[in-house]
Amino acid sequence: MMEKKPTLYLIDASSYMYRAFYALGRRLTAPDGTPTQAVFGFHQMLQKVLREKQPEMLCVVYDPPAPTFRHALYPQYKATRDRMPEDLVVQVPLIKTMVDLMGIPSLEVPGYEADDVMATLVRQATEKGYAVVIVSGDKDLHQLVNEPLVLQWDPQKDELYTAEEVVKRLGVRPHQVRDLLALMGDSTDNVPGVPGVGEKTARELLRLFGSLDEVLRRVHEIPSASVRKKMESAQEAALLSRQLVSLREDAPVNFVVAECRRRPADVAGLRALYERLGLRRFLADLAKNLPSQTAAEMAAPPARRDVIVRNEPAFRRVLEEMRQASVLSIDLETTSQDAMLADIVGVALSWRDHEAVYIPIGHETRDSESQLPLAVVLEGLRPLLEAETPKKVGQNIKYEWVILKRHGIELHGIDFDTMVASYLLDPGNPSHRLERIVAEHLGEAKATYGDVAGVGAKQVPFAHVPVTKAAAYACSDAETTLRLVPILRKKLEQAGLSPLMDTLERPLIAVLARMEMRGVRVDTEKLEALSRILEEGLRREEQTIYAIAGGPFNIQSPVQLRDILFGKLQLPVIKKTKTGPSTDMSVLEELAAHHPIAQHIVAYRSLAKLKNTYVDTLPLLVHPHTGRIHTSYNQTVTATGRLSSSEPNLQNIPVRTEEGRRIREAFVADPGYGLLAADYSQIELRIFAHYSGDSRLLAAFEAGDDVHRRTAAEIFNVSPQDVTAEMRRQAKTVNFGIIYGMGPYGLAKQLKISQSQAKEMIERYFARYQGVKRWIERVIAQAHKRGYAETLLGRRRFIPELQSRNRSMRQLGERLAVNTTIQGSAADIIKKAMIDIDQEMQGCGCRSAMILQVHDELVFEVAEEEAGWMRAMVKERMESVVTLRIPLVVDMGYGKNWAEAHS
DNA sequence: CAGGGCATATTT
DNA sequence: GACAAATATGCCCTGA
């Protein structure tokens with residue numbers, strides 16, 4: 001039997017260099033300032049090819065320097081192209097070096113463009129019976145597609161161009177592509193084509209005649225007189241164009257199988273290159289995608305000395321060593337991701353690079369015969385953990401803080417959190433998992449939790465992981481965290497983020513931990529009663545809807561609902577989603593005018609939402625021991641610097657509707673306590689006023705006016721006392737819209753007015769608040785220049801969208817720059833207030849506690865006898881946390897439950 | 001049957 | 001496509 005021949009992958013280098021260069025903008029540079037975004041993008045593309053295709057044979061083909069034979073043919077060839085940007089020029093040799101070091105063959109033939117070289121290799125390889133995949137997104141190369149032997153693939157878009165796909169894209173078969181390009185021309189390469197003939201005409205001509213030669217031979221048969229005339233006068237141009245776009249198959253190269261085989265990578269060379277370019281994370285990529293043994297070794301962590309502590313003498317020795325340490329990395333292994341429910345299974349500690357210890361405690365496996373009791377371990381560690389030194393570091397150390405506190409140990413001396421540091425360095429990054437941080441900043445591959453305990457259905461409790469396996473994992477966590485600290489600290493320093501870390505985010509860790517632990521009391525009986533009421537309402541709406549629809553269906557299924565509304569009832573389609581007509585709230589509101597069913601669906605949805613998401617779910621989250629609800633405050637999630645809350649999310653508890661307020665009534669204070677709610681009044685608009693220095697906006701806040709009323713008076717040109725409720729409502733929407741960068745379209749939709757009216761309203765706003773307009777322009781310009789937006793306390797969010805070549809993406813980037821500055825500064829302010837207030841409360845040993853944060857609001861559970869003091873202290877701290885050009889104002893409310901406190 | 005994508009809903 | 005930041009739920013399809 002004949003062995004199957006490997007497929008040859010030909011990689012079109014230029015197109016990916018350009019694409020990577022422009023796609024990533026100017027964000028990536030090496031420590032020495034060398035731009036690296038093209039190297040980065042090229043690497044990503046190569047990794048994808050290697051990972052997904054594991055090619056045995058491949059070759060990267062470069063374009064040679066101009067001129068090529070085409071310039072001899074037509075001096076203006078590619079004359080309209082800008083010169084390669086200098087920032088890209090310097091990256092080309094880096095990319096070539098990288099390709100060489102990776103052991104990937106490459107070619108560059110003077111006088112012949114990469115396309116011609118590839119065409120030649122395609123011919124030679126297919127003649128020998130090899131299949132070829134052309135790795136490129138370029139449409140010129142479609143002419144080489146020749147199934148089944150020759151295919152084109154674009155790994156970045158993940159599109160495979162078969163002959164059929166080419167027809168779909170261009171409307172002609174692959175062999176007709178060059179004739180199509182010859183007729184229509186190609187503006188990027190300055191190929192003239194036939195003047196007046198575009199893509200449509202060219203395609204039609206080829207459909208009628210099959211080829212350019214036929215078109216020219218039977219030019220008198222062309223049905224349209226004008227096209228006929230154009231063709232007659234441009235025969236020369238058409239033939240020249242065809243020469244230009246035709247790929248030559250006679251480049252002076254020889255396809256030699258052995259020369260296209262992948263060679264082993266030069267590990268040391270790559271390491272040096274990546275180190276120099278500040279792309280250490282690539283080392284970890286390599287380990288995954290290069291089968292080469294050396295590459296895997298290279299990216300594996302340096303050998304680490306793990307000690308498993310199984311008896312008391314060993315534990316005492318370890319404690320003695322730790323007492324001498326200045327920094328201690330700590331990682332608890334437990335039975336749950338939820339710190340309030342987790343039981344300790346083991347403790348990993350590291351205080352010297354490449355060394356760590358694991359103390360198994362609660363493993364239930366065959367190799368767990370000798371484990372120290374939890375109490376012994378905790379009592380042994382207590383003095384170290386409660387002291388300021390050694391300094392404690394960790395990855396999400398709030399988790400350890402809460403668990404230790406539950407065991408009566410208060411962790412002191414928290415010095416660094418790698419998760420928080422990674423977040424501050426790049427808050428837009430969706431992952432701050434340890435393995436990703438290690439890959440990026442240490443260039444090492446690391447086992448994940450899933451690798452050790454399994455994922456999904458196959459996941460086992462950590463206690464069932466064998467001690468040796470658990471130890472390796474836990475030690476690697478603690479030890480890599482320790483080594484990350486100085487590296488991340490330095491990067492924070494270089495970015496000017498150290499003060500934000502030291503004075504805001506790090507002190508906040510313990511504050512959030514205390515809030516989570518205290519939790520909030522929920523009146524489950526009240527919720528159960530509410531559940532029954534909602535149940536009844538749901539049943540009633542359901543019956544009504546079935547009656548109108550003429551039969552039962554699943555109202556909660558968008559698909560079935562779509563069939564009923566737009567099929568059976570023939571209601572007009574207002575807007576569409578990706579999958580079909582939309583049935584969301586705004587659509588149903590409009591449909592209410594056409595058909596009574598719409599309002600019932602709105603009512604049903606609203607009841608179902610409240611019941612399923614809040615009323616029936618909150619009681620399930622009551623902690624079995626504390627009887628309270630303990631949310632998680634996530635410090636490293638949002639791109640703007642806000643906190644988020646989950647399990648449950650207490651930041652989106654309903655407030656607008658009557659039923660919603662009933663839910664807030666179920667959030668109650670303990671007996672002897674009350675709830676104090678304190679919220680910043682108009683904080684985002686105040687920040688706007690502060691930053692912009694706009695005289696009218698500043699005056700409104702200084703006078704203590706109702707800003708929305710003032711805005712209404714300004715944009716409707718009436719005196720404040722003549723502002724109607726409707727005018728105020730519209731002005732309020734405009735004010736919020738400005739913060740979010742809303743355009744005429746969005747405002748029109750929101751206010752249900754015409755787009756021209758909305759446009760006029762925005763224009764009037766900016767005419768009255770010219771300082772605001774100028775500031776927005778300034779912020780956008782600065783973000784363009786720096787590549788990031790910056791908040792009041794120096795938080796940075798990178799905005800790659802600003803470098804997009806897509807206009808709407810760029811505009812999104814500009815809105816992000818404005819909104820992040822405002823929203824992020826508000827987040828900075830309230831975080832600082834939380835720290836100040838917490839410090840005040842810790843200092844006086846009071847019984848009251850901060851329990852909730854909802855972006856511009858803090859909620860406290862206040863001991864009745866402390867209520868007066870708390871009220872004054874909280875207001876004072878919140879209002880004086882920073883000094884802006886206008887005062888910060890805090891509104892307060894007090895009551896037995898959250899609804900009452902909110903007024 | 002788990003997991004992911006989508007549509008929808010809630011908050012600031 | 002058009003207005004920023006989040007989390008949660010139910011449906012429905014995909015793939016083991």
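In what follows, every chain begins at residue 1, and chains take the letters A, B, ... in the order their sequences are listed. On a predicted model such as this, the values are computed, not experimentally measured, just so you know.
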Can you tell me if NZ on A:Lys875 sees more than 12 non-hydrogen neighbours from other groups inside 6.0 Å?
yes
Spacing between A:Ile799 atom CD1 and C:dA4 atom P, to the nearest angstrom
12 Å
With a 4.0 Å cut-off on heavy atoms, is A:Leu747 in touch with a base, just the backbone sugar-phosphate, or nothing at all?
nothing
Can you find a donor-acceptor pair, distance only, under 3.5 Å between A:Arg642 side chain and B:dT12 base?
yes
For A:Leu812, report the nucleic acid contact type (base, sugar-phosphate, nothing); a contact means any heavy atom under 4.0 Å.
sugar-phosphate
Could you state the atom-to-atom distance from CG of A:Leu650 to C1' of B:dT10 in whole Å?
13 Å
Would you list the pairs meeting salt bridge (charged side-chain N to carboxylate O under 4.0 Å, His left out) in which at least one residue belongs to residues 806-819 of chain A, sequence neighbours left out?
none
Which is true for A:Arg797 with a 4.0 Å heavy-atom rule: it touches a base, it touches only sugar-phosphate, or it touches nothing?
sugar-phosphate
Can a side-chain donor-acceptor contact be found between A:Thr791 and A:Thr821 if the only test is distance below 3.5 angstrom?
no
Expected rows: protein N/O vs nucleotides 2-4 of chain B N/O, under 3.5 Å:
unit_1, atom_1, unit_2, atom_2, d
B:dG3, OP1, A:Gly456, N, 3.4

Give one of base, sugar-phosphate or nothing for A:Lys578, where a contact means two heavy atoms less than 4.0 Å apart.
sugar-phosphate
Specify the separation, in whole Å, of atom CZ of A:Phe736 and atom P of C:dA5.
16 Å
Whole angstrom value for the distance that separates P of B:dT12 from CD1 of A:Ile829:
18 Å
Would you please name every residue forming a side-chain hydrogen bond (donor to acceptor under 3.5 Å, both in side chains) with A:Asp891, sequence neighbours left out?
none
Under a 4.0 Å heavy-atom cut-off, which of residues 583-606 of chain A touch DNA chain B?
A:Thr583, A:Asp584, A:Met585, A:Arg605
So what does A:Tyr614 touch, heavy atoms closer than 4.0 Å: a base, only the sugar-phosphate, or nothing?
sugar-phosphate
Does A:Glu726 pair with A:Arg729 as a salt bridge, N-O distance under 4.0 Å?
yes
A:Leu643 near the nucleic acid: base, sugar-phosphate alone, or nothing, with a heavy-atom cut-off under 4.0 Å?
nothing
Sugar-phosphate, base or nothing in reach of A:Gly737, heavy atoms under 4.0 Å
nothing
How close or far is atom C1' of C:dA2 from atom CD of A:Gln755, stated in whole angstroms?
8 Å
Using whole Å, what does the distance between atom C1' of nucleotide B:dT12 and atom CG of A:Leu852 come to?
14 Å
Thinking salt bridges, do A:Asp426 and A:Arg797 make one under a 4.0 Å N-O criterion?
no
Summary of protein contacts for nucleotides 7-16 of chain C, nucleotide by nucleotide, where a base hit scores B, a sugar-phosphate-only hit scores S (4.0 Å, heavy atoms):
BBSSSS----
Looking only at side-chain atoms of A:Thr638, point me to the closest of C:dA4, B:dT12, C:dA5.
C:dA5
Is the shortest distance from a Lys or Arg side-chain nitrogen in A:Glu861 or A:Arg628 to a carboxylate oxygen in the other one below 4.0 Å?
yes
Nucleotide nearest A:Arg815 when distance is taken to its side chain, options B:dT11, B:dA7, C:dA2
C:dA2
If the threshold is 4.0 Å, N to carboxylate O, is there a salt bridge linking A:Asp563 and A:Lys568?
no
Which residues pass the ring pair (Phe, Tyr, Trp, His ring centres under 6.0 Å) test with A:Tyr604, not counting sequence neighbours?
none
Residues 771-792 of chain A vs salt bridge (charged side-chain N to carboxylate O under 4.0 Å, His left out), sequence neighbours excluded, gives A:Lys773-A:Glu777, A:Arg786-A:Glu790, A:Glu790-A:Arg796
Could you check whether A:Ala639 gets within reach of a base, just the sugar-phosphate, or nothing at all, counting any heavy atom under 4.0 Å?
sugar-phosphate
Can you find a side chain N or O atom of A:Thr579 that sits less than 4.0 Å from OP1 or OP2 on B:dA7?
yes
Sorted by first residue and then second, give each side-chain hydrogen bond (donor to acceptor under 3.5 Å, both in side chains) pair with at least one member in residues 679-689 of chain A; sequence neighbours left out.
A:Gln682-A:His708
Taking only Lys NZ, Arg NE, NH1 and NH2, and the carboxylate oxygens of Asp or Glu, determine whether A:Glu536 and A:Arg532 approach each other closer than 4.0 Å.
no
side-chain hydrogen bond (donor to acceptor under 3.5 Å, both in side chains) involving A:Ser692 - partner list, sequence neighbours excluded
none
Please tell me which of A:Pro427 and A:Ser808 maps to the more 5' nucleotide of DNA chain C, matching each residue to the nucleotide holding its nearest heavy atom.
A:Ser808
A:Ile683 CD1 to B:dT11 P: how many Å, rounded?
20 Å
Just the rounded figure in Å: distance from C1' of C:dA2 to CD of A:Glu801.
16 Å
Between B:dA9 and C:dG1, how far apart are the C1' atoms? Round to whole Å, please.
23 Å
A:Phe566: what forms a ring pair (Phe, Tyr, Trp, His ring centres under 6.0 Å) with it, not counting sequence neighbours?
none
Is A:Glu589 paired with A:Lys752 through a side-chain N to carboxylate O contact shorter than 4.0 Å?
yes
Respond yes when some side-chain nitrogen or oxygen of A:Arg807 is under 4.0 Å from OP1 or OP2 of C:dA2, and no when none is.
no
Bend angle of the helix from B:dC1-C:dG15 to B:dT12-C:dA4 from five-pair axes at both ends, rounded to 10°?
0°
Please list, chain by chain and in numerical order, all residues satisfying ring pair (Phe, Tyr, Trp, His ring centres under 6.0 Å) with A:Phe701, sequence neighbours excluded.
none
